[in-house]
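Position 1 is the first residue of the sequence, and the numbers go up from there.
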Amino acid sequence: MNPKRSLFFSSLVSPMGALLYLLLLSFFFVSSLVPTSQALALGTNANATRRRAPVHHDLSLDFYSKTCPQVDQIISSVTAARYRDSPTSGPATIRLFFHDCFVEGCDASILIAPTPGSINKVEREMEENKNLAAEAFDTVNMVKAAVENKCPGLVSCADVLAIAARDFVHLAGGPYYTVKKGRKDSKVSLGGKVHPNLPRTNSTVAELVRLFSSKGLSPLDLVALSGAHTIGFSHCDQFASRLYDFRGTKRPDPAMDARLLKALRMSCPQFGGNADVVAPCDVQTPFQFDHAYYANLETNLGLLATDQALFLDPRTRPLVQDLGRDKARFFQAFVAGMEKMGQIRVKKGKRGEIRKDCTKHLT
Ligand code: HEM
Ligand SMILES: [Ca+2]
Ligand SMILES: [Ca+2]
């Protein structure tokens with residue numbers, strides 16, 4: 001059985017199977033497309049590079065070399081098994097890492113579970129995080145349990161998440177890179193911190209550039225990291241307005257390929273659809289970590305408005321074309337972006353803790 005097929009069938013035995021089946025129907029339909037490239041009349045390049053937040057460089061590759069030298073191997077044995085048994089854990093965990101780092105830095109603040117009866121919401125409970133897949137949280141908990149078994153109380157959940165995300169990039173066919181360690185876990189998780197720090201699917205490129213810049217990430221980092229959408233899936237509500245009422249026009253987004261539009265409308269009806277249905281972010285190779293995502297954008301096959309906008313906007317268009325040109329270039333820029341993202345507002349010393357259970361603060 002080819003790998004795509006075996007993923008397909010293993011997904012059918014999970015509770016998400018039926019939904020995945022629906023989306024794969026649309027995938028097979030869409031993947032048979034011969035994309036038509038449309039010339040898009042747009043202006044030329046404008047330089048948007050701007051830096052604000054400093055990136056901290058105080059993590060190290062050998063942080064656990066004395067206390068837990070085998071940490072990467074312990075983690076990779078769990079991530080490899082998870083990828084085999086529950087492939088959706090891969091993209092879900094990479095996205096979880098992104099949502100952690102952008103809100104208060106890479107400090108595992110996203111992992112804290114709600115306290116029953118508390119009026120204070122944690123990050124996980126906010127609208128922007130509602131679609132983070134349970135598989136990702138489960139994966140982190142499984143990885144952390146394996147690490148605690150061998151190196152109790154020594155390795156932070158923030159480091160575990162950073163390393164697990166790296167493993168899944170590699171397992172899906174993406175680059176392997178070393179992960180610097182030494183992050184501490186947050187002592188709080190505040191729902192109120194989420195909203196301004198995460199992008200929305202209707203964010204403009206200017207807003208995305210500004211948000212990424214506020215995290216010390218350049219427009220190239222924005223375009224390279226968005227390439228994570230080369231794997232994984234999106235719920236219909238995240239792109240439905242493109243299908244039926246783009247920016248209040250009551251018309252579909254003109255920047256969407258007509259056949260992709262038709263296929264997505266079938267999976268995601270305007271009324272009465274199943275809210276759990278998902279579609280592949282990369283309609284060509286949704287399980288393969290490759291540079292096909294960028295080729296899609298050049299042929300109007302982007303799924304999210306923010307993806308397609310990266311090609312439509314003259315500031316980011318040359319970057320899309322550059323990364324779409326060859327896989328090695330994309331991999332190199334993606335690794336650089338992940339390394340920078342993984343260092344956003346890292347907590348050291350007494351500013352953080354090392355949780356035993358990633359879902360609970362130390363008491
Ligand atoms: C640039 C702005 C971005 C926006 C607006 C955005 C938005 C989204 C949305 C709406 C989804 C679908 C969620 C769902 O319905 O389940 C998604 C999925 C995903 N995102 Fe992003 N994202 C962005 C950047 C990133 C970055 C920087 C990364 C990681 C480096 C990332 C990784 C992923 C992955 C892997 C998935 C698939 C998740 C899965 O299959 O469970 N995204 N994103
Ligand atoms: Ca965080
Ligand atoms: Ca792909």
Backbone N/O of [Y] and side chain of [X]: donor-acceptor pair under 3.5 Å:
{"X": "D100", "Y": "S109", "value": "yes"}
{"X": "N300", "Y": "M256", "value": "no"}
{"X": "Q308", "Y": "L303", "value": "no"}
{"X": "K184", "Y": "R351", "value": "no"}
{"X": "E207", "Y": "T204", "value": "yes"}
{"X": "T249", "Y": "F246", "value": "yes"}
{"X": "R315", "Y": "V209", "value": "no"}
{"X": "D257", "Y": "L261", "value": "no"}
{"X": "K144", "Y": "V155", "value": "yes"}
{"X": "D221", "Y": "S218", "value": "yes"}

Heavy-atom side-chain contact between [X] and [Y] under 4.5 Å:
{"X": "L310", "Y": "Y293", "value": "yes"}
{"X": "F334", "Y": "F289", "value": "yes"}
{"X": "L132", "Y": "R95", "value": "yes"}
{"X": "I110", "Y": "V103", "value": "no"}
{"X": "T306", "Y": "P199", "value": "no"}
{"X": "V71", "Y": "V160", "value": "no"}
{"X": "L264", "Y": "F239", "value": "yes"}
{"X": "S186", "Y": "H361", "value": "yes"}

Shared ILVMFWY cluster between [X] and [Y], side chains joined below 4.5 angstrom?
{"X": "I163", "Y": "M142", "answer": "yes"}
{"X": "V122", "Y": "V194", "answer": "no"}
{"X": "F97", "Y": "L211", "answer": "yes"}
{"X": "F63", "Y": "V147", "answer": "yes"}
{"X": "V169", "Y": "L171", "answer": "yes"}

Please report the shortest heavy-atom distance between [X] and [Y], naming the atom on each side.
{"X": "T285", "Y": "A292", "value": "OG1-CB, 3.5 Å"}
{"X": "M266", "Y": "P269", "value": "O-CD, 4.1 Å"}
{"X": "A92", "Y": "A133", "value": "CB-CB, 3.7 Å"}
{"X": "G302", "Y": "L260", "value": "O-CD2, 3.9 Å"}
{"X": "E298", "Y": "V320", "value": "OE2-O, 4.0 Å"}
{"X": "R82", "Y": "T139", "value": "NE-OG1, 3.0 Å"}

Worksheet item: So I344 and F102, side-chain contact (heavy atoms from CB on, under 4.5 Å) or not? Walk me through it.
Response: CA-CA 7 Å; I344 297 173; F102 265 53; 4.1 Å; yes
Worksheet item: In this structure, which one of V223, L220, L222 forms a side-chain contact (heavy atoms from CB on, under 4.5 Å) with F212?
Response: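 Exactly one pass, corresponding to L222.
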Fill in: Side chains of T93 and R166, donor plus acceptor under 3.5 Å
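Not at all, the side chains of T93 and R166 share no donor-acceptor pair under 3.5 Å.
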Worksheet item: Any side-chain donor paired with an acceptor under 3.5 Å for D167 and S76?
Response: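 Looking only at side-chain atoms, S76 and D167 do not form any donor-acceptor pair under 3.5 Å.
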Fill in: Check against side-chain contact (heavy atoms from CB on, under 4.5 Å), S156 and Y64
CA-CA 11 Å; S156 67; Y64 297 115; 3.8 Å; yes
Practice prompt. Take the angle between the ring planes of F168 and Y83 and call it parallel below 30°, perpendicular above 60°, tilted in between.
Written response: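 Judged by the thresholds at 30° and 60°, the geometry between F168 and Y83 is tilted.
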Discussion item. Just to verify, what does D138 make a salt bridge (charged side-chain N to carboxylate O under 4.0 Å, His left out) with, not counting sequence neighbours?
Written reply: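 Partners of D138 under the salt bridge (charged side-chain N to carboxylate O under 4.0 Å, His left out) test: none.
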Worksheet item: Of all residues at least two apart in sequence or in a different chain, which pass the salt bridge (charged side-chain N to carboxylate O under 4.0 Å, His left out) check with E128?
Response: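 Salt bridge (charged side-chain N to carboxylate O under 4.0 Å, His left out) check on E128 returns nothing, list empty.
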Worksheet entry | Reference residue D107; test salt bridge (charged side-chain N to carboxylate O under 4.0 Å, His left out); the match among K193, K347, R183 |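 Answer after filtering K193, K347, R183: K347.
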Fill in: Charged N-O contact under 4.0 Å between E339 and K180
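No, E339 and K180 are not salt-bridged.
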Discussion item. Any carboxylate oxygen within less than 4.0 angstrom of a Lys/Arg side-chain nitrogen, looking at K130 and E127?
Written reply: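 The answer is yes: the pair qualifies as a salt bridge.
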Discussion item. Could you go through F331 and Y176, starting from their C-alpha distance and side-chain angles, then the distance that decides it, and tell me whether this counts as ring pair (Phe, Tyr, Trp, His ring centres under 6.0 Å)?
Written reply: CA-CA 9 Å; F331 282 7; Y176 186 85; over 10 Å; no
Practice prompt. Determine, stepwise, if the pair C68 / Q70 fulfils side-chain contact (heavy atoms from CB on, under 4.5 Å).
Written response: CA-CA 6 Å; C68 192; Q70 71 283 41; 3.9 Å; yes
Discussion item. How long is the straight-line distance from CG of N296 back to CG of D307, given to the nearest 0.5 Å?
Written reply: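 If I round to the nearest 0.5 Å, the distance is 9.0 Å.
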Worksheet item: What's the verdict on side-chain contact (heavy atoms from CB on, under 4.5 Å) for N131 and D237, showing C-alpha distance, side-chain angles and the deciding distance?
Response: CA-CA 11 Å; N131 280 340; D237 62 343; 4.3 Å; yes
Worksheet item: Looking at F137, does the NZ or CZ of R124 lie under 6.0 angstrom from its six-membered ring centre and within 45 degrees of the ring axis?
Response: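 Cation-pi check for R124 and F137: passes.
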Worksheet item: Is it true that atom NZ of K360 has more than 12 heavy atoms of other residues, nucleotides or ligands lying nearer than 6.0 Å?
Response: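 12 or below, so no.
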